[in-house]
Number of protein chains: 2
Amino acid sequence: MDSSSTERTIEYDKLLADFKALLKDKALKFTNQREKILETLYYSQEHLTPEALHLLIKEKYPELNAGIATIYRTLSMLEENDIVSSLSFGAQGKKYELGAKDHHDHMICTECGEITEFVDDVIEAQQHKIAEKFGFKMHDHSMQIYGICKKCQNN
Amino acid sequence: MDSSSTERTIEYDKLLADFKALLKDKALKFTNQREKILETLYYSQEHLTPEALHLLIKEKYPELNAGIATIYRTLSMLEENDIVSSLSFGAQGKKYELGAKDHHDHMICTECGEITEFVDDVIEAQQHKIAEKFGFKMHDHSMQIYGICKKCQNN
DNA sequence: TTATGGTTTGATAAACAGTCTCATTATCTA
DNA sequence: TAGATAATGAGACTGTTTATCAAACCATAA
Ligand SMILES: [Mn+2]
Ligand SMILES: [Mn+2]
Ligand SMILES: [Zn+2]
Ligand SMILES: [Zn+2]
C-alpha cells in the first residue's frame, strides 16, 4: 500500500537561506514582509487562505502593517518558485501550504473540513503511466479524496 | 493500465425523465429554464463555466431570456443532486459538466487548456484502499494531471 | 378549466475575492 | 551613503457569485 502521512523535511534556517539565494538569483529583494510570510507559512501546520495568513501575520507582527496585496503577491511568487503549493476545492477558495514538505495528496472531510495528507506510491507511479500513455508531459498533479473522517462518522 | 477516454452513457430522454422524477420527488418545479440548462449541458461536450453556458443558452433560446442567476442556481441544484459535477483549477473558476457520463478524471494542458478525460482502474481501486486505511468513508474523489499536451509539445 | 399558493424567475444590488495603480518607502549595490 | 530601482500599502477597480424582491410561473385541486 505504501500510503503514509507526511512530515516537514527541511529546517527553517535552510529554507530561509535557499529563499534568500533564490531572491538574489532573480534580482528580487529580501524584504521584511517576504520573510514573515515565509516564516508564518513554515510554522503553521495548516492549509491557509491568503486571508487567514494575513490575519496571522497582523496578529504576530502588527508593526509590520502588511497589506493583503503583498500577501497575494508573495504567495504567487512563492508558488511560481515551487516553495508553496495551493489547493482549491469547493467554493472555499485557494489554500496555500509550504511545499517544503514532500509531495502529498489530500483527503478532505466534507463534514468538519479536516484535511489529512498522504502519499501513495502506487498512485504516484500510475499517474506517470497514464500521462505517458497519452503522450502528455506531466508537470504536476493533484488528487483529493472527499468523504467523512473517522471522528465525524462517530457523531 | 486500463486508462481510456470516456463517452456519454445515457440517452437524453432517459436523463430528462429522471430529472423530472427528481424534481417531483423534491417538490421542485419543472421549468423551461431548468430544461434548457439540462439540455444544453447534455449536448455540449465541453466543460462549461456558468458564463459560457449562459451565452450558449442566450444564443439558442433568446426568447427564454434566461438570467445568469438562474444558471448559477440551477447548476448548484444539479450538482447537489449529482447530475453535474464541477472542476476547478487555477484561477479560471469552476467548470461544469454533465455527470451522466461515467466517472472520470482529468488531464489538463497548462499551455492550451485542453482537457482530456480518462478513467484508470488501478487508481480507482487504490483510492478505495487508501480511504479504508485511514478509516475514512469516501464519497467522491477528484484527480487532475497537469502538464503539456502532445500538440503543445510540438509547437 | 380555473383559482390559488408556493416556487422560480430576472433584474439589480450587494458581497466577495483577487488584481491593479500609484505615490511612498525600503532594499541593494557601488 | 547615495542613487537606482524594486516593493509596499492604500484603496480603486474588476470579475464572479450570492442575496433580495416584485412579478411570473407552475402544480395542484376544486
Ligand atoms: Mn497538504
Ligand atoms: Mn470531464
Ligand atoms: Zn470530519
Ligand atoms: Zn496543450
Side-chain angles (χ1 to χ4, degrees), chain A residues 16-17 19-40 47-59 61-81 83-84 86-96, chain B residues 16-17 19-38 40 47-59 61-81 84 86-96:
Chain A
L16 183 60
F19 183 48
K20 284 182 177 173
L22 173 83
L23 292 176
K24 174 154 275 180
D25 186 54
K26 303 224 162 171
L28 300 174
K29 294 175 177 176
F30 179 70
T31 65
N32 231 315
Q33 289 83 346
R34 284 171 176 170
E35 180 180 10
K36 297 315 178 201
I37 289 169
L38 187 77
E39 188 196 279
T40 304
H47 297 79
L48 296 170
T49 60
E51 180 60 31
L53 177 57
H54 189 215
L55 280 174
L56 277 183
I57 288 174
K58 280 199 291 188
E59 275 169 23
Y61 304 103
E63 78 287 358
L64 190 64
N65 196 29
I68 186 72
T70 296
I71 305 289
Y72 277 104
R73 284 187 286 234
T74 303
L75 283 172
S76 296
M77 185 264 280
L78 289 171
E79 188 167 29
E80 273 165 29
N81 290 289
I83 294 171
V84 304
S86 68
L87 178 62
S88 68
F89 48 92
Q92 303 158 69
K94 268 194 192 177
K95 291 187 176 178
Y96 291 82
Chain B
L16 183 60
F19 183 48
K20 284 181 176 174
L22 173 85
L23 291 176
K24 174 155 275 182
D25 187 54
K26 304 226 162 173
L28 301 173
K29 293 178 177 176
F30 180 70
T31 64
N32 230 316
Q33 288 84 347
R34 285 171 176 170
E35 180 178 13
K36 298 315 178 202
I37 288 169
L38 187 76
T40 304
H47 296 79
L48 296 171
T49 61
E51 179 61 30
L53 177 58
H54 189 215
L55 280 173
L56 277 181
I57 289 174
K58 280 200 291 189
E59 275 168 24
Y61 304 103
E63 78 287 356
L64 189 64
N65 195 30
I68 186 71
T70 296
I71 305 288
Y72 277 102
R73 284 188 286 236
T74 304
L75 283 172
S76 296
M77 184 264 280
L78 290 171
E79 187 166 31
E80 272 164 29
N81 290 290
V84 304
S86 69
L87 179 62
S88 68
F89 48 90
Q92 302 157 72
K94 269 193 190 178
K95 291 187 175 178
Y96 291 81

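Below, chains carry the letters A, B, ... as their sequence lines are ordered, and counting in each starts from 1.
Atom-to-atom distance recorded for B:T40:OG1 and B:E35:CD is 10.0 Å, nearest 0.5 angstrom. Here CG of A:L56 is found 11.5 Å from CD1 of A:I37. Values are rounded to the nearest 0.5 Å.
OP1 or OP2 of D:dG9 has at least one side-chain nitrogen or oxygen of A:Q33 nearer than 4.0 Å. The side chain of A:T31 contributes an N or O atom lying less than 4.0 Å from OP1 or OP2 of D:dT8. Checking the phosphate oxygens (OP1, OP2) of C:dT9, no side-chain nitrogen or oxygen of B:N32 falls inside 4.0 Å. The side chain of A:R34 places an N or O atom within less than 4.0 Å of a non-bridging phosphate oxygen (OP1 or OP2) of D:dA7.
At a threshold of 4.5 Å between non-hydrogen side-chain atoms, the residues B:M77 and B:K26 do not count as touching. With contacts defined as side-chain heavy-atom distances shorter than 4.5 Å, the pair B:T70/B:R73 qualifies.
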Requested in this report: Give the intermediate values and the outcome of side-chain contact (heavy atoms from CB on, under 4.5 Å) for residues A:K20 and A:L16.
Outcome: CA-CA 6 Å; A:K20 284 182 177 173; A:L16 183 60; 4.3 Å; yes
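Following rounding to the nearest Å, B:M77 (CE) and C:dT9 (C1') show an atom-to-atom distance of 13 Å. One interatomic measurement links the two molecules: CG of B:L64 to P of C:dT8, which rounds to 16 Å at whole-angstrom precision. Rounded to a whole Å, the OH atom of B:Y61 is 16 Å from the P atom of C:dT9. Between the C1' atom of D:dA7 and the NZ atom of A:K26 lies a distance of 17 Å, rounded to the nearest Å. Note: CD (B:E35) to P (D:dC26) measures 11 Å, nearest angstrom. Note: CD1 (A:I37) to C1' (D:dG9) measures 12 Å, nearest angstrom. A straight line from CZ of B:F30 to C1' of D:dT28 spans 17 Å, rounded to a whole angstrom. B:K36 places its NZ atom 14 Å from the P atom of C:dT9, with the value rounded to the nearest Å.
Residue-to-nucleotide proximity on DNA chain C shows that, of B:T70 and B:A27, the 5′-proximal contact is made by B:A27. Both B:Y72 and B:K24 lie close to DNA chain D; mapped to their nearest nucleotides by heavy-atom distance, the more 5′-ward contact belongs to B:Y72. In terms of position along DNA chain D, the nucleotide closest to A:G67 lies nearer the 5' end than the nucleotide closest to the other residue of the pair B:P50 and A:G67.
In this structure, the nucleotide among C:dT12, D:dT5, D:dG9 sitting nearest to the side chain of A:A66 is D:dG9.
B:E51 comes within 4.0 angstrom of nothing in the nucleic acid, heavy atoms only. Residue contacts for A:I68: at a heavy-atom cut-off of 4.0 Å it reaches no nucleic acid atom on any strand shown.
On a pure distance criterion of 3.5 Å, a polar donor-acceptor pair joins the side chain of A:R73 and the base of D:dG9.
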